[in-house]
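These notes concern the structure reproduced below.
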Amino acid sequence: MTKYFSFEGTATRSEYWCVTLITFITSIILFMILAQPSNTFGGGDLILVLLICVLTFWLGISTNVRRIRDTGQNVLWIIAFFAPFLSFIVMLVFGFLPSHKD
């Protein structure tokens, strides 16, 4: 499990898509929880939700960095991860590119 939070190494296409699916589903669930108008979070609940958001974000970034490295591209492409709309297209392309063979 520590591999998923590390920026070292590479990520295969299947690993990339599995992590992307997990982070997508987690994000939808968190959004549904936060969007409820009747939610009154206590201090502990809000901290737990924020912790899950941070962990999901870190997981997404680390997996994207490893996937970019696996395709043989410059890791600075991760900057596109922070651009709205562009990030979806760029990371979709990296998700379909084959692994780079040395």
Side-chain angles (χ1 to χ4, degrees):
M1 190 65 178
T2 59
K3 172 184 174 182
Y4 293 110
F5 293 98
S6 172
F7 289 88
E8 300 297 322
T10 60
T12 63
R13 277 189 280 195
S14 61
E15 180 182 353
Y16 173 80
W17 286 113
C18 182
V19 169
T20 301
L21 181 65
I22 290 169
T23 57
F24 180 73
I25 291 171
T26 304
S27 298
I28 288 176
I29 292 170
L30 286 174
F31 177 76
M32 290 184 340
I33 290 171
L34 293 172
Q36 295 295 324
S38 62
N39 275 345
T40 54
F41 286 108
D45 295 336
L46 186 58
I47 290 173
L48 178 64
V49 169
L50 288 174
L51 179 65
I52 292 171
C53 287
V54 168
L55 290 175
T56 303
F57 184 71
W58 189 269
L59 177 66
I61 290 175
S62 66
T63 304
N64 278 298
V65 165
R66 290 185 296 115
R67 179 67 196 143
I68 292 169
R69 189 176 293 124
D70 186 54
T71 61
Q73 302 297 318
N74 190 335
V75 180
L76 290 177
W77 273 101
I78 196 62
I79 295 171
F81 185 77
F82 299 101
F85 304 111
L86 177 64
S87 64
F88 176 75
I89 295 167
V90 171
M91 296 307 150
L92 190 66
V93 169
F94 281 118
F96 287 113
L97 284 176
S99 296
H100 179 69
K101 305 289 186 222
D102 288 334

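The chain is numbered in sequence order, starting from 1.
Listed for the S62 side chain is a donor-acceptor partner under 3.5 Å among the backbone atoms of L59.
At least one side-chain heavy atom of F94 sits less than 4.5 Å from a side-chain heavy atom of L97.
Across T71 and I68, no two heavy atoms sit closer than the pair OG1-O, 2.7 Å. Nearest heavy atom pair, residue M91 against residue N64, reads SD-OD1, 3.1 Å.
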Sequence neighbours excluded and cut-off under 3.5 Å, please list the side-chain donor-acceptor pairs for residues 72-89, or say none.
| residue | atom | partner | partner atom | Å |
| --- | --- | --- | --- | --- |
| N74 | OD1 | L76 | N | 3.0 |
| S87 | OG | A83 | O | 3.2 |

I'd like a table of donor-acceptor pairs (distance under 3.5 Å, sequence neighbours excluded) in which one partner is a side-chain atom from residues 22-31, with atom names and distances.
| residue | atom | partner | partner atom | Å |
| --- | --- | --- | --- | --- |
| T23 | OG1 | V19 | O | 3.1 |
| T23 | OG1 | T20 | O | 3.0 |
| T26 | OG1 | I22 | O | 2.7 |
| S27 | OG | T23 | O | 2.8 |

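Residue pairs that meet the salt bridge (Lys or Arg N to Asp or Glu O under 4.0 Å) test with at least one member in residues 54-63, sequence neighbours left out, do not exist here. Counting only residues at least two apart or in different chains, salt bridge (Lys or Arg N to Asp or Glu O under 4.0 Å) contacts with residues 68-79 comprise R67-D70. Residue pairs meeting the salt bridge (Lys or Arg N to Asp or Glu O under 4.0 Å) criterion with at least one member in residues 75-88: none, sequence neighbours excluded.
Linking Ile, Leu, Val, Met, Phe, Trp and Tyr residues whenever their side-chain heavy atoms come within less than 4.5 Å places L51 and F57 in a single cluster. F96 is connected to V65 through a chain of hydrophobic side-chain contacts under 4.5 Å among Ile, Leu, Val, Met, Phe, Trp and Tyr, so both are in one cluster.
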